[in-house]
There are 2 protein chains.
Amino acid sequence: MMDDPFQALRKMFERYAPIPDAEWELFRPALRPEKIEKGKVWIEIGQDGDAIAFLLKGLMRNYYVMADGNEYTRAFRAAGQFVASYSSALSGEVSQCAVEAVEDCEVLTFSYREFKRGFARHACWERIARVIGEEMYIEYQKREYELLCMDALTRYEAFQSRYSSLHDRLSQSLIASYLGITPVSLSRLRGKRARKDF
Amino acid sequence: MMDDPFQALRKMFERYAPIPDAEWELFRPALRPEKIEKGKVWIEIGQDGDAIAFLLKGLMRNYYVMADGNEYTRAFRAAGQFVASYSSALSGEVSQCAVEAVEDCEVLTFSYREFKRGFARHACWERIARVIGEEMYIEYQKREYELLCMDALTRYEAFQSRYSSLHDRLSQSLIASYLGITPVSLSRLRGKRARKDF
DNA sequence: ATCATTTCTTATCCTAGGTTAACGAACTTT
DNA sequence: AAAGTTCGTTAACCTAGGATAAGAAATGAT
C-alpha cells in the first residue's frame with residue numbers, strides 16, 4: 001500500500017497539514033491517473049493552465065518558447081513533485097509556459113479550481129496551498145538569484161548540485177536551455193572546466 | 001480616517017479576506033510605526049529576516065551584495081506595498097538579501113512569526129498569507145522570465161512599463177542593478193535607443 | 001559664485017557567450 | 001554492415017555587455 005499512488009499524494013499533502021478522512025474522500029474523485037509519454041506537451045502555451053500533476057514516475061519540465069523557436073527551461077520535476085503552470089493555475093490566465101514530459105511519465109492530475117473548493121470546507125486545504133506556494137516561492141527566489149547574480153559557469157555548477165541526480169537523465173541541450181545558454185556554449189564551458197580541473 | 005495608517009493596512013489585507021473586528025484588535029498591537037531614513041539598511045544580509053513592513057510613504061528596495069561589492073536589486077517597493085526578505089520570513093533562515101530605504105520612508109512593521117499565530121485562530125489570516133504569497137510568486141515568475149529570456153534592452157523596456165511611475169525616482173545605477181547590468185552599460189543602451197527613436 | 005561630490009555619458013579595449021558550420025561518436029533503421 | 005539520425009565537440013567569427021578611464025552635467029556645500 002506504500003506505493004498506492006493516491007496514498008503517496010496524500011502523504012505529500014500531509015507533510016503540510018493532516019487531512020481528515022472525510023475530506024480526503026471528498027477530494028479523491030477529483031484525481032485522475034494519467035500516463036504521459038516522452039516528448040508529449042502536456043500544457044501548451046496560450047491554453048488553460050488549471051491542471052496540476054503529481055509526478056509518480058518520470059521526468060517533466062516547464063519551459064518557455066521564444067518567437068524564434070528557442071526554448072528556455074524554467075524547471076525540471078521528478079517523481080514525488082508537483083508539475084503545473086503554477087502562475088496560470090493561480091491567476092486563471094492562460095499559460096505563458098509549456099509543460100512537457102522529458103521521459104515517459106505517470107501522474108495523478110487534478111484541477112486547481114477543484115482543489116480550491118476545499119478552502120471553504122476545511123482549513124487543511126488552505127494550509128496545504130499556502131505552504132506549497134511558499135516553497136515554490138523560495139525555490140524561484142533561488143533561481144532568480146542565480147539568473148541575476150551568477151555567470152553561466154557558476155549557474156552550471158549550481159545546477160549540478162541542485163539537480164545532481166538528474167544530470168545524467170538530461171541531454172545537454174536541455175541543461176543549456178535551463179541555464180539560459182546555447183548547447184554549444186555549454187559544451188565549451190564543460191571543456192574549459194575539464195581542462196582547469198587538472 | 002482614510003489616511004489612518006492602520007486602516008490602510010487593514011484595507012490592504014481585506015482585499016484578500018475580511019477580518020473580523022475582534023481579530024483585528026488582536027493583531028493591531030503587533031504593529032509598530034517606524035520611520036526609516038534614506039540610505040538606511042533596514043534588513044542586513046545574514047541577519048534575521050522575520051520583519052515585514054507595510055510601506056506608507058517612500059521607496060525601498062531588496063538587493064543582493066556580491067563578494068566584490070557589486071549589488072543586484074531584486075525589486076523596488078513603493079507606498080501601499082509590503083517590504084520584506086520574504087523567503088527569510090517564510091523559512092526562518094537568515095536573510096540572503098538586504099533591504100534598504102531608497103527614499104525617506106514611513107512604515108508599519110510586524111513580525112511574520114507573530115502574524116502566523118493568527119493561522120490557528122481564524123481562517124482569514126491564512127487566506128491572506130496564501131493570496132499574498134501567490135501574488136509574490138506570480139510577480140517573481142515574471143521576473144524570472146525576463147532574466148531568463150530577455151536581453152538587457154528588452155528588460156529595460158519591461159522595467160519601464162512595470163515601474164513607469166518609479167523611473168524618475170531612481171538613479172541610473174539603481175536601475176542598472178535591477179537589470180543586472182552596469183550603469184555604464186545602461187547609459188549605452190539609452191543612447192542607442194535614443195538614436196533609434198531619433 | 002566657487003569648489004567639491006556625485007552621477008551620467010562616451011570612448012577604448014576586452015571577455016563571455018551567440019552563430020554557424022564542420023566533424024566525430026553514439027544511436028537507429030534497414 | 002551501411003546509411004541515416006541525433007548529439008556533443010571544436011573552431012572561426014561576431015555581438016552584447018563588462019572594465020577602466022576621462023569628460024560633462026548636475027547637485028551640494030561653503
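Here the structure is a predicted model, which is why all the values come from computation and not from measurement. Here is the naming used below: chain letters follow the sequence lines, and residue numbers restart at 1 for every chain. Values reported hereafter were calculated over all heavy atoms of this structure, with side chains retained and with hydrogens, waters and symmetry mates removed.
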(request) Starting at atom CG of A/Leu179, determine the distance to atom C1' of C/dG17, rounded to an integer number of angstrom. (result) 12 Å
(message) Measure CZ/A/Arg190 against P/C/dG17 and give the value in whole Å, please.
(response) 16 Å
(request) Go through D/dG18, C/dG17, D/dG8 for me and flag the one nearest to the A/Ala152 side chain. (result) C/dG17
(request) Choose from D/dA19, C/dG18, C/dT19 the nucleotide whose nearest atom is closest to any side-chain atom of A/Ser185. (result) C/dG18
(request) Return yes when atom CD of A/Glu139 has more than 12 non-hydrogen atoms of other residues, nucleotides or ligands closer than 6.0 Å, and no otherwise. (result) yes
(message) Between B/Arg28 and B/Asp21, does the salt bridge (Lys or Arg N to Asp or Glu O under 4.0 Å) criterion hold? Intermediate values first, please.
(response) CA-CA 10 Å; B/Arg28 206 190 216 267; B/Asp21 287 340; over 6 Å; no
(message) Just the rounded figure in Å: distance from P of D/dT6 to NZ of A/Lys38.
(response) 13 Å
(request) Would you kindly give the CG-to-P distance between A/Asp151 and D/dG17, to the nearest whole Å? (result) 15 Å
(message) Under 6.0 Å between ring centres: does that hold for B/Phe27 and B/Phe115?
(response) yes
(message) Between C1' on D/dA25 and CD on B/Gln172, what's the gap in Å once rounded to a whole number?
(response) 12 Å
(message) Rounded to whole Å, how long is the line connecting atom CG of A/Asp68 with atom C1' of C/dT20?
(response) 15 Å
(request) Report which part of the nucleic acid A/Ser187 touches: base, sugar-phosphate, or nothing (heavy-atom distance under 4.0 Å, all strands). (result) base
(message) Rounded to whole Å, please give me the gap between OH in B/Tyr156 and C1' in D/dA16.
(response) 17 Å
(request) Give the rounded distance in Å between these two atoms: CE of A/Met150 and P of D/dG17. (result) 20 Å
(request) Would you indicate whether the side-chain heavy atoms of B/Leu59 and B/Leu170 approach each other to under 4.5 Å? (result) yes
(message) Quick check for you: among C/dG17, D/dT9, C/dA11, whose closest atom lies nearest to any side-chain atom of B/Val184?
(response) C/dA11
(message) Quick check: any donor-acceptor pair below 3.5 Å linking the side-chain of A/Arg188 to the base of C/dG18?
(response) yes
